Amino acid sequence: MNNAILSCRKLNKRLGNTVAVDKISYEFESSHFYAIKGHHGAGKSTFLQILGLLEDSDNGSVYIDGKDVSKLSDKKKAKYRQKYFGYIFGKPLLNEKFTVLENLMLPMLLTRSKSEAKESAEELLKIIKLHDKKDCYPSELIKGERQQVAVMRAFVNSPECIIADDPTSGLNSREEKIIFEILKDYATQSGKCVICVTESKEVEKYANSVLIYEKGGLYK
């Protein structure tokens, strides 16, 4: 499907009596930061969950590198999630039992040695200037710092596509700016695809494309 790393065709999803996703077709390319904006409850998060293989649609298909992955088994979908996606949510889902460094290392230990994971994790912390807090626990960081760590954790295995669901929820304007700059740099400098659902106006300064989600539809 052209140069799209991720695409969908005629996706449809009902939540009760509401059509949350209404026959959406779209192609998402690498090296691109997409922002999807819309009012609360419009269905944009449901659409994002379907794109990221976290939820099934009622009808339609999702394609990764041109391959229809919608009807795959849960086991095979899990493999695609691990290989192709990094996920960021509004609440930083960090493990409070581990230090900041260990939280970044954990996903990498599936494919790398402990020393390699430690080295890579420290480099990521240097990027966001939190290397001096590598031995802190998440509870010792302010919310903006915790979210920065959560964002970098989504990058650890260099996924082709980042699925970000309201990643700046509850952050101030300075913290929002930091998160959006990180997402933009990952897309443009690493050649990856970032899809971000948000209600923030700040994202318009950073995204390559701003799409509007309304009544179950996606519009340019």
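Side-chain atoms are counted along with the backbone in the values below, which use heavy atoms only and exclude waters and symmetry mates. Note that the structure is a prediction, hence the values are computed from the model and not measured.
Remark: side-chain polar atoms of Thr168 are not paired, donor with acceptor, to backbone N or O of Leu171 under 3.5 angstrom. In this structure, the side chain of Arg81 engages the main chain of Leu53 through a donor-acceptor pair within 3.5 Å. With hydrogens and angles ignored, the 3.5 Å screen pairs no side-chain donor or acceptor of Arg146 with any backbone N or O of Val149. Between the side chain of Ser190 and the main chain of Lys192, no donor-acceptor pair closer than 3.5 Å is present. Proximity of a side-chain donor or acceptor of Asp68 to a complementary backbone N or O of Tyr63 within less than 3.5 Å is not detected. Side-chain atoms of Asn157 do not come within 3.5 Å of backbone N or O of Gln82 as any donor-acceptor pair. Listed for the Ser57 side chain is no donor-acceptor partner under 3.5 Å among the backbone atoms of Leu11. In this structure, Glu116 contributes its side chain and Ser113 its backbone to a donor-acceptor pair below 3.5 Å. In this structure, Arg153 contributes its side chain and Leu93 its backbone to a donor-acceptor pair below 3.5 Å. Put simply, the side chain of Asn208 gets close to the backbone of Phe33: a donor and an acceptor are under 3.5 Å apart.
For Glu202, the salt bridge (Lys or Arg N to Asp or Glu O under 4.0 Å) partners at least two apart in sequence or on another chain are Lys205. In this structure Glu102 satisfies the salt bridge (Lys or Arg N to Asp or Glu O under 4.0 Å) test with no other residue, sequence neighbours excluded. Lys215 pairs by the side chain to side chain contact (heavy atoms under 4.5 Å, CB included) definition with nothing, not counting sequence neighbours. By the salt bridge (Lys or Arg N to Asp or Glu O under 4.0 Å) test, Glu175 is found to be paired with no residue, residues two or more places apart in sequence or in another chain being considered. For Phe28, the ring-ring contact (aromatic ring centres under 6.0 Å, His included) partners two or more places apart in sequence, or in a different chain, are Tyr26, Tyr34. Contacts of Glu140 classified as salt bridge (Lys or Arg N to Asp or Glu O under 4.0 Å), with partners at least two apart in sequence or in another chain: none.
Side-chain contact between Cys8 and Ile24 is present, with heavy atoms from C-beta onward closer than 4.5 Å. Put simply, the side chain of Leu51 reaches to within 4.5 Å of the side chain of Leu6, judged on heavy atoms. Side-chain contact between Gln147 and Pro92: present, with at least one pair of heavy atoms (C-beta onward) separated by less than 4.5 Å. Using a 4.5 Å heavy-atom cutoff, the side chains of Cys196 and Phe180 are in contact. Ile182 is listed as a side-chain neighbour of Met152, based on a closest heavy-atom distance under 4.5 Å. Contact check for Ser45 versus Asp166: no side-chain heavy atoms found under the 4.5 Å cut-off. Using a 4.5 Å heavy-atom threshold, the side chains of Lys133 and Leu141 count as touching.
Using a 4.0 Å cut-off between charged side-chain N and carboxylate O, Asp56 and Lys77 make a salt bridge. A salt bridge links Glu123 to Lys126: at least one charged side-chain nitrogen sits closer than 4.0 Å to a carboxylate oxygen. Residues Glu122 and Lys118 are paired through a salt bridge, judged by an N-O separation under 4.0 Å between the basic side chain and the carboxylate. Under the 4.0 Å criterion applied to side-chain N and carboxylate O atoms, Lys44 and Glu199 are assigned as salt-bridge partners.
Note: the hydrophobic cluster containing Tyr80 does not contain Val156 (ILVMFWY, side chain heavy atoms under 4.5 Å, direct or indirect links). A continuous path of ILVMFWY side-chain contacts below 4.5 Å connects Leu72 to Val62, so both sit in one hydrophobic cluster. Hydrophobic cluster membership differs between Leu15 and Phe47, with clusters built from Ile, Leu, Val, Met, Phe, Trp and Tyr side chains linked at under 4.5 angstrom. The hydrophobic cluster containing Val194 does not contain Ile50, counting ILVMFWY residues as joined when their side-chain heavy atoms lie under 4.5 angstrom apart, directly or transitively. Note on Phe89: it clusters hydrophobically with Ile36, by side-chain heavy-atom contacts below 4.5 Å among ILVMFWY residues.
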Fill in: Working for side-chain contact (heavy atoms from CB on, under 4.5 Å), residues Ile88 and Asp165
CA-CA 6 Å; Ile88 305 167; Asp165 192 354; over 6 Å; no
Worksheet item: Do Leu130 and Leu125 pass the side-chain contact (heavy atoms from CB on, under 4.5 Å) test, and can you show the C-alpha distance, the side-chain angles, and the key distance before you say yes or no?
Response: CA-CA 5 Å; Leu130 289 178; Leu125 287 174; 4.3 Å; yes
Discussion item. side-chain contact (heavy atoms from CB on, under 4.5 Å) for Ile162 and Tyr186? Distances and angles first, verdict last.
Written reply: CA-CA 9 Å; Ile162 293 293; Tyr186 186 74; 3.6 Å; yes
Worksheet item: Between Lys37 and Leu211, is a side-chain contact (heavy atoms from CB on, under 4.5 Å) present by the stated rule, with each step listed?
Response: CA-CA 6 Å; Lys37 299 187 66 178; Leu211 308 173; over 6 Å; no
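The distance from the OG atom of Ser7 to the CD atom of Glu29 is 10.5 Å, given to the nearest 0.5 Å. Here Arg112 contributes atom CZ and Glu119 contributes atom CD; the two are 9.5 Å apart, rounded to the nearest 0.5 Å. Within the model, atoms NZ of Lys83 and SG of Cys161 stand 14.0 Å from one another, a figure rounded to the nearest 0.5 Å. Ser30 OG to Ile5 CD1: the interatomic distance, rounded to the nearest 0.5 Å, is 5.0 Å. Note: Leu94 CG to Ser139 OG = 10.5 Å, rounded to the nearest 0.5 Å. From Met105, atom CE reaches atom OG of Ser115 across 8.5 Å, with rounding to the nearest 0.5 Å.
The number of heavy atoms from other shown groups lying within 6.0 Å of CG (Asp132) is above 12. Heavy atoms from other residues, nucleotides or ligands lying under 6.0 Å from CD of Glu55 number more than 12. Heavy-atom neighbours of Lys220 NZ from other residues, nucleotides or ligands within 6.0 Å: at or below the threshold of 12.
Listed here is the closest heavy atom pair of Asn95 and Lys97: OD1-N, 2.9 Å. Shown here for Asp65 and Tyr84, the closest heavy-atom pair between the two residues is OD2-OH, 3.2 Å. Ser120 and Met108 get closest at one heavy-atom pair: CB-SD, 3.6 Å. Residues Lys184 and Tyr206 approach most closely at CD-O, 3.4 Å, considering heavy atoms. Taking both residues in full, the closest heavy atoms of Pro167 and Leu183 are given as CG-CD1, 4.3 Å, listed atom of the first, atom of the second, then distance. Heavy-atom minimum distance, Lys71 versus Ser61: NZ-OG, 4.0 Å.
Of the residues listed (Val197, Thr46, Val21), the one engaging Tyr213 in a side-chain contact (heavy atoms from CB on, under 4.5 Å) is Val21, and it is the only one.
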